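Presented below is the structure to which this report refers.
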Amino acid sequence: MAPSGPGSVRRRCRRVLYWIPVAFIGLLLGWSYYAYAIQLCIVSMENIGEQVLCLIAYHLLFAMFVWSYWKTIYTLPMNPSKEFHLSYAEKELLEREPRGEAHQEVLRRAAKDLPIYTRTMSGAIRYCDRCQLIKPDRCHHCSVCDKCILKMDHHCPWVNNCVGFSNYKFFLLFLAYSLLYCLFIAATDLQYFIKFWTNGLPDTQAKFHIMFLFFAAAMFSVSLSSLFGYHCWLVSKNKSTLEAFRSPVFRHGTDKNGFSLGFSKNMRQVFGDEKKYWLLPIFSSLGDGCSFPTCLVNQDPEQPSTPAGLNSTAKNPENHQFPAKPLRESQSHLLSDSQSWTESGTYPGKGKAGMSNPALTMENET
C-alpha cells in the first residue's frame, strides 16, 4: 500500500479540526447537564415539587435539543440528481468548445428539459465545473464539502455540515430548542444566582456552577435569539442565507422575492403540510430540492420594473405565476390557490395555440 502523501495528511487534519466546534458544544452541553440537573436541582433546590417540575421540563428540552442537533449534524446534504449531470458526450463537447457562446449553447441544449429558471448574473446557465453538472435552482457548490448542495443555506461550523434542503428544518429546530433550553435554564437559575451574590447559598462547589450556568445561558440566549429570529425571517420570505445576500437571477432579471409564495406556503415548504410533525426533527419538507415553485413577477417597488406583458399580473400580488414545467407532486399542490396543475402535469392556460400566460412564455423562450 502506497504511503499517504502530504495532501492526504492535511485533509485528515482538516477533518479533525472541523469537529472541534461540535466537540465544544458537546462538552458545554455535558457540563450544563451536570450543573443544572445535579448541582442546581438535586443539591441546591430544597422544594421537592420544584425539583420534580424543573427536572421534567429540563429533560424534555434537553432531549429535543440533542435530537435536533444530532439530526442537523448527521443528515447528509442532498446533491443534484443524475438528470442534472452531463452525459459523457456533453462533457466531451464542453471540453472541445472554448468558453463563450458555443460553450453556453452546449449547456442550453443539455438544460432544455430541466426545471431550472435561475441564471448567473450575466444570464448564463449555472454550471459547476467541479461537479460537472448543471446546477438546479437554489443549488450552490460548497467549498468545504466540495459538493453541490441542494437549496444550500450555508456551511455551519457548529454542526460541521452543510445546511440545505435535507436538514434546514432540523437546523431551525436546533436553534429553537437550544434557545428554549438556554432561556429555561436562565429563568429557573435566576433566583439562585441572586442568592449567590447575597450570600444566600451554602459555601459549596454548587454555587460556582450556578453562577457560571446563569452567565452561559444568558449569553447564549442573546446570540441564539438573534440568529433564530433571522432564520425565521428567511423562512417567512422563502429565502436562504445566500439568497438574502445575493438575490436570485431569473431570465427577466434579479428578483429578491422570486421564490416567495406568501407566508403560509413558505412555512409549509420547509415544515410540510402535517402540523403534527412541525416541532419534531423528522423530515417533512415539501419537494425534492431540485425544483421549486417560483413567482416570476417583481412585486417589490424597490425592484426594477417588470418586462412588457407582465403588468397585468403585477397588479394582483396574490396571482403568482409559476414555471411551465411540472413540479413534484408535493410542491405543485402549493400552487392550488393561484394556479393549479392538471393530473397530466400540464397547467391551465395552455391550449393548442400554446401558452396564453406571458410570464410562462418568457421562461420558455430560447
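Note that this is a predicted model, so its numbers are computed, not measured.
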How long is the span from the [atom1] atom in [X] to the [atom2] atom in [Y], to the nearest 0.5 Å?
X      : Y      : atom1 : atom2 : result
Thr241 : Met152 : OG1   : CE    : 9.5 Å
Ser178 : Leu29  : OG    : CG    : 10.0 Å
Leu213 : Phe208 : CG    : CZ    : 14.5 Å
Asp189 : Ile194 : CG    : CD1   : 10.0 Å
Asp273 : Lys265 : CG    : NZ    : 11.5 Å
Phe292 : Leu286 : CZ    : CG    : 10.5 Å

Aromatic ring proximity, centroids under 6.0 angstrom, [Y] and [X]:
X      : Y      : result
Phe259 : Tyr117 : no
His154 : Phe171 : yes
Phe193 : Phe214 : yes
Tyr33  : Phe62  : yes

Report the residues that fulfil salt bridge (charged side-chain N to carboxylate O under 4.0 Å, His left out) with Glu50, sequence neighbours left out, ordered by chain and then residue number.
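If we apply the salt bridge (charged side-chain N to carboxylate O under 4.0 Å, His left out) test to Glu50, skipping adjacent residues, there are no hits.
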
Could you tell me which residues satisfy salt bridge (charged side-chain N to carboxylate O under 4.0 Å, His left out) with Glu101, sequence neighbours excluded, listed by chain and number?
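Listed in chain order: Arg108.
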
Flag side-chain contact, heavy atom, 4.5 Å: [X] against [Y]:
X      : Y      : value
Leu94  : Leu107 : yes
Trp278 : Met267 : yes
Trp67  : Leu280 : yes
Lys71  : Asn167 : no
His140 : Arg126 : yes
Phe84  : Lys135 : no

Name of the residue among Thr294, Asn238, Asn266 meeting side-chain hydrogen bond (donor to acceptor under 3.5 Å, both in side chains) with Ser260:
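Only one of Thr294, Asn238, Asn266 forms a side-chain hydrogen bond (donor to acceptor under 3.5 Å, both in side chains) with Ser260, namely Asn266.
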
Flag yes if [X] and [Y] sit in one hydrophobic cluster, no otherwise; membership is Ile, Leu, Val, Met, Phe, Trp, Tyr, and two members link when side-chain heavy atoms are under 4.5 Å apart.
X      : Y      : value
Leu173 : Val66  : yes
Trp158 : Trp19  : yes
Phe215 : Leu183 : yes

Partner residues of [X] under the side chain to side chain donor-acceptor pair (under 3.5 Å) criterion, sequence neighbours left out:
X      : result
Ser166 : none
Thr188 : Tyr36
Asn161 : none
Tyr127 : none

Side chain to side chain contact (heavy atoms under 4.5 Å, CB included), that's the test. Do Ile134 and Leu114 meet it? Break it down for me.
CA-CA 9 Å; Ile134 295 170; Leu114 296 177; 4.2 Å; yes

Is the number of heavy atoms from other residues, nucleotides or ligands within 6.0 Å of [atom1] ([X]) greater than 12?
X      : atom1 : answer
Trp70  : CH2   : no
Tyr230 : OH    : yes
Arg130 : CZ    : no
Lys91  : NZ    : yes
Phe283 : CZ    : yes

Determine, step by step, whether Phe65 and Leu180 satisfy the side chain to side chain contact (heavy atoms under 4.5 Å, CB included) criterion, reporting the C-alpha distance in whole Å, the side-chain angles of both residues, the deciding distance to 0.1 Å, and the verdict.
CA-CA 9 Å; Phe65 178 12; Leu180 289 174; over 6 Å; no

Would the distance check show the side chain of [X] and the main-chain N or O of [Y] forming a donor-acceptor pair, the cut-off being under 3.5 Å?
X      : Y      : value
Glu243 : Pro248 : no
Glu90  : Val106 : no
Ser247 : Asp255 : no

As a test of understanding, state which of Phe228, Tyr69, Tyr181 forms a ring pair (Phe, Tyr, Trp, His ring centres under 6.0 Å) with Phe174.
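Among the candidates, only Tyr69 passes.
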
Regarding [X] and [Y], is there a side-chain donor-to-acceptor distance under 3.5 Å anywhere?
X      : Y      : result
Asp137 : Ser291 : no
His231 : Tyr168 : yes
Ser284 : Lys169 : yes

Decide side chain to side chain contact (heavy atoms under 4.5 Å, CB included) for Ile149 and Cys139; before the verdict, give the C-alpha distance in whole Å, the side-chain angles of both, and the deciding distance to 0.1 Å.
CA-CA 6 Å; Ile149 308 298; Cys139 174; 5.8 Å; no

Residue from Ile185, Leu28, Leu179 passing side-chain contact (heavy atoms from CB on, under 4.5 Å) with Phe220
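For Phe220, the side-chain contact (heavy atoms from CB on, under 4.5 Å) check succeeds only for Leu28.
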
Using side chain to side chain contact (heavy atoms under 4.5 Å, CB included), reason through Asn160 and Ile73 one step at a time and then give a plain yes or no.
CA-CA 7 Å; Asn160 190 28; Ile73 295 172; 5.6 Å; no

